[in-house]
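We're numbering straight along the sequence, starting at 1. Only this structure's heavy atoms are used, side chains among them; waters, hydrogens and symmetry mates stay out.
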Amino acid sequence: QLSGAGRTAVFAESARVGAAAGGTRPGACRRNVLCSFAHDDVLFRCSAGRLPAAARTFIETYFPTESCVYAERDRDDGHREYEVRLSNGAEIKFDAQGQWFEVDCKFSLLPAGIVPQTIAADIAARYPGAGAYKVERAMGGYEISIGSGVELIYSAAGTFVREERY
């Protein structure tokens with residue numbers, strides 16, 4: 001899924017492809033990632049180190065047992081963003097500095113610590129037994145999906161704003 005010369009980088013964990021291209025040995029490093037950059041139809045290899053340090057730290061902190069299977073760097077509208085898919089199906093979006101702005105665990109609950117403690121406590125009080133699967137962070141606050149078509153909106157300070165059903 002390369003789009004626009006020089007605009008998108010696609011990273012896919014693939015020891016087989018990396019070895020076939022003369023790269024790393026299969027199984028050499030669990031987090032080794034083959035990266036391809038589109039620039040005038042020329043592809044270049046790189047390593048997972050192309051993610052900002054803050055993004056790598058976030059993944060290692062909250063998803064220590066997972067490996068990166070896909071990452072994409074997108075530079076649309078002058079803003080650089082990174083989208084990462086982990087081996088458990090989780091998808092994470094980071095800004096150019098490596099700060100997360102969306103985490104979607106799809107098949108499991110978000111790891112403790114991603115959602116601010118005040119918001120996690122409020123969700124536990126309002127929706128006993130519910131857990132957060134997806135969180136989006138923006139300047140105005142947080143949108144948190146707790147399943148069953150329910151999204152909760154919180155201010156940046158952690159104050160409950162409203163519930164939305166989709």
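Within the structure, ring pair (Phe, Tyr, Trp, His ring centres under 6.0 Å) contacts touching residues 102-136 (residues at least two apart or in different chains) do not occur. The list of salt bridge (charged side-chain N to carboxylate O under 4.0 Å, His left out) pairs with a residue in residues 133-159, not counting sequence neighbours, reads E102-K134, K134-E136.
Under the rule for a salt bridge (Lys or Arg N to Asp or Glu O under 4.0 Å), the partners of E91 that lie at least two apart in sequence or sit in another chain are R85, K106. Listed by chain and residue number, nothing satisfies the side-chain hydrogen bond (donor to acceptor under 3.5 Å, both in side chains) test with Q99 (two or more places apart in sequence, or in another chain).
Side-chain atoms of R162 do not come within 3.5 Å of backbone N or O of L152 as any donor-acceptor pair. Of the possible polar contacts, none joining the E72 side chain to the E83 backbone as a donor-acceptor pair under 3.5 Å is found. Although no hydrogens or angles enter the test, the distance criterion places a donor-acceptor pair under 3.5 Å between the side chain of S155 and the main chain of A157.
To the nearest 0.5 Å, the span separating CH2 on W100 from OH on Y62 amounts to 9.0 Å. To the nearest 0.5 angstrom, E163 atom CD is 7.0 Å from I146 atom CD1. Here CZ of F63 is found 4.5 Å from CD1 of I92. Values are rounded to the nearest 0.5 Å. Note that the CZ atom of R56 and the OG1 atom of T61 stand 12.0 Å from one another [nearest 0.5 Å].
Under the 30°/60° scheme for interplanar angles, the aromatic rings of F94 and F58 are found to stand perpendicular.
Within the 4.5 Å cutoff, no side-chain heavy atoms of Q97 are placed close to those of P52. By the 4.5 Å heavy-atom criterion applied to side chains, V69 and V84 are not counted as neighbours.
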Which atom pairs, one a donor and one an acceptor, fall under 3.5 Å between side chains of residues 108-126 and the rest of the protein, sequence neighbours left out?
{"from": "D122", "atom 1": "OD1", "to": "R126", "atom 2": "NE", "distance (Å)": "3.1"}
{"from": "D122", "atom 1": "OD2", "to": "R126", "atom 2": "NE", "distance (Å)": "2.6"}
{"from": "D122", "atom 1": "OD2", "to": "Y154", "atom 2": "OH", "distance (Å)": "2.5"}

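Y70 and F101 fall into different hydrophobic clusters, where Ile, Leu, Val, Met, Phe, Trp and Tyr side chains are chained together by heavy-atom contacts under 4.5 Å.
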*asked:* side-chain contact (heavy atoms from CB on, under 4.5 Å) for D104 and V135? Distances and angles first, verdict last.
replied: CA-CA 7 Å; D104 186 352; V135 60; over 6 Å; no

*R50 and Y82: side-chain contact (heavy atoms from CB on, under 4.5 Å), yes or no, with the steps?*
CA-CA 10 Å; R50 298 291 286 191; Y82 298 87; 5.8 Å; no

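Its side chain within the 4.5 Å cluster rule, V161 clusters with I153 among the Ile, Leu, Val, Met, Phe, Trp and Tyr residues.
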